[in-house]
Amino acid sequence: MSSDPAPLLRCRQITKRFGALVANDAIDFDVRAGEVHAIVGENGAGKSTFMNVLYGVLQSDAGVIERDGLPIRFANCAEAIRAGIGMVFQHYLLVERFSVAENVMLNRERTRSGFVDREADEGIVADIAARYRFNLDPRAAVETLGVGARQQVELLKVLEREPQIVILDEPTASLSPFEIDGLFDVVRRLRSQGRGVIFITHKLKEVMAIADRVTVLRRGKVVGRVQTHATNESELAAMMVGRAHVAADDSRPQTPARNVVLRATGVTVKSDSGRSAISELSLVLRSGEVVGVAGVEGNGQTELVEALYGLRPCDAGSIALSDADVTSAPTTERRRRGLRYIAADRQREGLVLDFDAVENMLLGDQRLGTNAVALNLAQGQRRADEVASVFDIARYDRKAAMRTYSGGTQQKFLVGREANDETRVVIAFAPTRGVDIGAAQAIYRRLRDLQTRGAGILLFSYDLDEIRALADRILVMSGGRIAGELSLEAADDTTLGRLMGGSAA
Amino acid sequence: MKAGRVLAAVGPLVGVLVASVLVILVAKANPMAALGALVQGSFGSVQSVAETFAQSTVLLFAALGVAVAFRAGLFNIGAEGQLVVGALCAAVAGAALHLPKALEVPICFAAGALGGAVFGLLAGWLKARFGASEVITTIMLNYVAYLGANYLVAGPLRGSVSAPETAQIVPAAMLHPIVPLTRLTAAFPFAIVVAACVWWWLGRTIAGYELRILGRSERAARYAGIHVPAVIMRTMALSGALAGLGGASDVLGMLHRFNAELSPGYGFTAIAAALLAGSNPLLAIITSVFFGALQNGALSMQAIAGVPKDLISVIVGLVIVYVAINRFGMRAALHGPPSDDLVTRDEPLAEATT
Ligand SMILES: Nc1ncnc2c1ncn2[C@@H]1O[C@H](COP(=O)(O)OP(=O)(O)OP(=O)(O)O)[C@@H](O)[C@H]1O
Ligand SMILES: [Mg+2]
């Protein structure tokens with residue numbers, strides 16, 4: 001180590017506490033010029049906390065940060081930015097109604113005689129976008145963009161300031177495989193320009209593909225640091241959980257598919273902007289089967305889910321749960337018939353972050369099977385306890401706000417609530433987004449249990465591996481239609497890619 | 001963290017105190033004498049304490065109304081108008097009906113609540129049906145209430161020759177002082193019971209739970225199968241009903257008739273009281289008494305120290321400013337953003353305390 005030039009950034013003994021909880025425990029860490037340094041660890045290991053310390057969002061309780069060998073302290077992000085650090089957060093921070101250029105240049109607008117020089121801003125943004133081969137219109141409103149494009153906007157915000165160190169907190173969590181390839185190109189380019197990249201992910205495959213070194217965190221401590229060429233996925237997984245990695249349980253429950261539990265016939269739905277988002281889409285889900293829905297983001301998946309769950313009216317066609325027509329039934333009625341939805345956006349839709357675990361476990365079920373006036377807190381408590389024990393949630397506290405749990409833990413609560421004994425049909429939208437391997441397996445197990453019990457599962461995911469791991473058959477969505485159906489055997493990357501690109505439609 | 005919370009709560013009060021002293025100095029009076037007179041006037045004797053509670057009563061009802069709306073993410077600026085309508089309804093019922101006291105008083109309160117509810121519902125309906133911002137509509141409806149009531153008591157409902165006001169309510173409708181020689185009536189303990197009920201209702205009932213979900217995120221509410229327009233209307237009706245109870249308590253307990261000047265801006269002070277309480281119904285008891293005390297002590301302050309009693313309005317304004325600073329500035333400084341969840345979300349006005 002001592003023979004190397006001073007790293008771009010080095011931390012010694014960084015400790016960060018939240019009350020009694022030690023989220024970061026004496027972390028030593030460095031990132032060098034021209035290096036991609038991955039950080040992995042289970043949910044709640046302290047990765048995001050550590051990044052927030054490096055980026056000046058949080059202040060450490062002990063430890064020092066050195067930039068180019070000189071000690072430095074960040075009282076806030078602005079100081080970290082000045083020191084050449086840029087960060088893309090796990091959850092994006094964009095102004096929906098602003099254009100791409102306005103978002104990128106926010107607070108740094110070029111001005112001409114006191115007014116914002118829109119053209120100059122757009123020119124600058126178009127320039128960097130071209131340099132990184134982003135296919136983005138600087139004038140497009142952010143609200144019209146998909147997840148992948150939004151992330152590019154976030155990246156542009158960071159890259160426009162030419163940072164020496166770029167932090168990416170779970171950048172691939174909601175990207176499709178193609179978008180991930182694009183992101184990797186950017187990361188490689190940053191590396192070749194001699195910048196340092198810190199890359200957080202739960203997917204070890206990505207670590208092996210992109211990182212030069214990897215640091216493993218467990219319960220706030222560094223438990224390992226290796227060169228990627230000297231390790232492999234299962235060794236990393238074992239380090240993360242602190243025991244030999246249990247091979248993923250791939251056994252599929254062999255339940256013969258039986259009666260239809262969800263049927264959509266000729267469903268046509270409009271998007272928010274009034275354009276047709278789904279046209280004449282039909283699908284059938286049987287009891288005991290998992291149907292995967294693959295597709296590039298923005299091809300009608302969201303609208304389809306909302307129509308099935310009762311949040312968006314159908315302009316034509318019908319939706320039935322088992323034998324009951326629910327085309328115009330409200331969400332409550334559909335839930336009463338056993339429909340559940342693992343929401344795509346857990347933070348604003350599936351959970352209420354300011355409520356505690358108990359109240360969150362009642363969300364959506366508050367009126368099911370009761371005419372009572374009082375809220376059934378006992379039921380919420382039972383369910384919260386059950387989920388906490390089944391999913392092995394560390395530091396479970398009934399009264400703690402959902403906000404204080406890590407993203408992966410929030411997801412466990414959401415899945416635990418939606419997948420239970422009463423579930424007949426569950427729509428799972430990216431159910432393992434941002435959760436660690438152990439938790440992902442627990443979630444898969446929960447879903448397979450449901451399947452064994454005869455529920456039908458409609459799995460939407462941008463992660464093809466996830467779809468292949470769970471689904472019995474695969475539908476590909478493109479342009480608001482089902483572009484094709486594939487058996488598991490036929491679903492290789494090329495075939496899927498071709499259908500997702502819409503070439504068969 | 002604990003200390004931070006306490007500081008965040010006490011900070012505004014200390015700030016308001018300091019700022020008030022400055023305002024008093026500007027008014028060229030002796031701050032100590034002025035504050036002394038204020039405290040003396042509001043808590044100096046059994047009578048003045050009772051009078052403070054009496055003045056807090058209307059405020060507390062209205063503050064509860066504002067707080068309930070806040071918890072659903074609705075900014076009800078219309079407590080004043082709802083209170084005026086409620087007062088008018090209670091006064092009309094109290095003058096027209098001749099029932100035994102055990103019936104007359106509850107019916108008059110119910111009339112006040114109903115009037116306020118209908119008036120609140122109007123704003124709720126405009127929002128649910130047309131998406132009209134409740135901030136705008138409730139402000140405008142305040143004028144409708146004021147001017148409408150003025151017209152009614154000057155014309156069709158005039159019940160007195162000497163002034164534009166309704167006839168006196170029948171004795172059976174009057175609430176009598178529970179402390180002699182003051183205006184403190186059973187309406188004050190009633191308001192406290194209502195506060196406790198609202199607290200329970202928000203925290204422990206399904207309807208209250210749904211209201212709070214909506215206050216945090218409309219998308220989560222829709223996800224949970226909540227019919228958002230219905231909850232908006234229900235909430236505004238409840239909010240108006242609580243303010244209407246305030247108006248009724250004013251008529252039954254203090255004025256015994258309605259005239260259009262009956263509220264010295266209770267509905268606006270109530271916004272400050274609700275904000276300061278973080279929309280917690282139990283804390284609203286304390287903050288309402290705080291503002292009730294200021295209002296009550298203001299007269300002695302004016303009499304003894306020569307400080308204009310309108311200073312109180314300045315102080316109310318300061319509280320709103322401080323609460324705003326506290327919400328949007330101090331909070332971030334004290335707690336920092338949560339590690340994982342730097343999401344842009346609709347920042348609710350209420351603390352989750354139930
Ligand atoms: N503001 C906070 N207050 C209290 N506890 C917190 C706060 N932020 C984080 N924590 C706790 O600190 C621990 C580390 O959280 P952190 O978000 O850093 O985990 P992570 O490794 O990023 O997890 P994930 O993979 O789920 O994103 C967790 O136990 C979390 O509950
Ligand atoms: Mg994280």
Side-chain angles (χ1 to χ4, degrees), chain A residues 16 18-19 23 46 48-52 57-59 89-96 169 309-311 330-336 341 343 345 347-356 359 362-368 370 372-377 401-408 410 434, chain B residues 1-5 70-73 197 199-231 278-280 331-354:
Chain A
K16 175 70 196 174
F18 293 112
S48 294
T49 303
F50 184 45
M51 292 307 108
N52 282 331
V57 177
L58 296 171
Q59 279 66 48
F89 287 91
Q90 198 167 346
H91 302 277
Y92 306 153
L93 300 159
L94 297 170
V95 186
E96 291 281 314
D169 193 354
Y309 188 63
L311 298 177
T331 296
T332 324
E333 175 60 26
R334 299 180 200 215
R335 287 187 75 97
R336 194 167 288 132
Y341 170 33
D345 183 349
Q347 302 217 313
R348 274 182 291 180
E349 190 163 30
L351 297 167
V352 178
L353 295 182
D354 293 307
F355 286 4
D356 58 24
E359 287 193 332
L362 294 170
L363 200 76
D365 293 346
Q366 73 272 14
R367 287 192 188 277
L368 295 197
T370 174
V373 169
L375 190 62
N376 193 345
L377 287 172
M402 199 41 75
R403 181 180 301 290
T404 61
Y405 293 103
S406 75
Q410 292 170 2
Chain B
M1 213 70 180
K2 256 272 161 46
R5 281 195 85 122
F70 276 160
R71 292 297 280 271
C197 291
W199 176 81
W200 178 84
W201 184 85
L202 278 173
R204 294 296 148 80
T205 66
I206 296 173
Y209 175 68
E210 293 186 337
L211 183 155
R212 287 184 290 124
I213 296 172
L214 177 61
R216 293 292 157 177
S217 154
E218 183 173 338
R219 285 183 59 206
R222 283 160 44 80
Y223 171 88
I226 294 167
H227 193 265
V228 172
V231 175
S279 296
N280 179 320
R331 179 185 176 146
L334 285 172
H335 305 302
S339 68
D340 222 9
D341 306 319
L342 288 154
V343 279
T344 39
R345 66 198 167 87
D346 348 43
E347 176 67 25
L349 287 149
E351 276 309 336
T353 18
T354 38

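Lettering follows sequence order; numbering is per chain, from 1.
Of all non-hydrogen atoms in B:A220 and A:V352, the two that sit nearest each other are CB-CG2, 4.0 Å. When all heavy atoms of A:L363 and B:Y223 are compared, the closest pair comes out as CD2-CD2, 4.1 Å.
Around the CZ atom of A:R334, the shell of radius 6.0 Å holds more than 12 heavy atoms that belong to other residues, nucleotides or ligands.
Chain B forms more heavy-atom pairs under 4.5 Å with one residue of A:V95, A:N376, A:D365, A:D345 than with any other, namely A:D345. Between chain A and the options B:G225, B:A207, B:A224, B:A221, the largest number of non-hydrogen pairs under 4.5 Å is found for B:A224.
Interface residue A:V373: backbone and side-chain heavy atoms are both found under 4.5 Å from chain B. Neither the backbone nor the side chain of A:A401 has a heavy atom closer than 4.5 Å to any heavy atom of chain B. At a 4.5 Å heavy-atom cutoff, the contact between A:L377 and chain B is made by side-chain atoms alone.
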### Task
Give the intermediate values and the outcome of side chain to side chain contact (heavy atoms under 4.5 Å, CB included) for residues A:E359 and B:I213.
CA-CA 10 Å; A:E359 287 193 332; B:I213 296 172; over 6 Å; no
### Message
Quick one, B:I206 with A:L375, criterion side chain to side chain contact (heavy atoms under 4.5 Å, CB included). Give me CA distance, side-chain angles, the key distance, then yes/no.
### Response
CA-CA 5 Å; B:I206 296 173; A:L375 190 62; 4.1 Å; yes
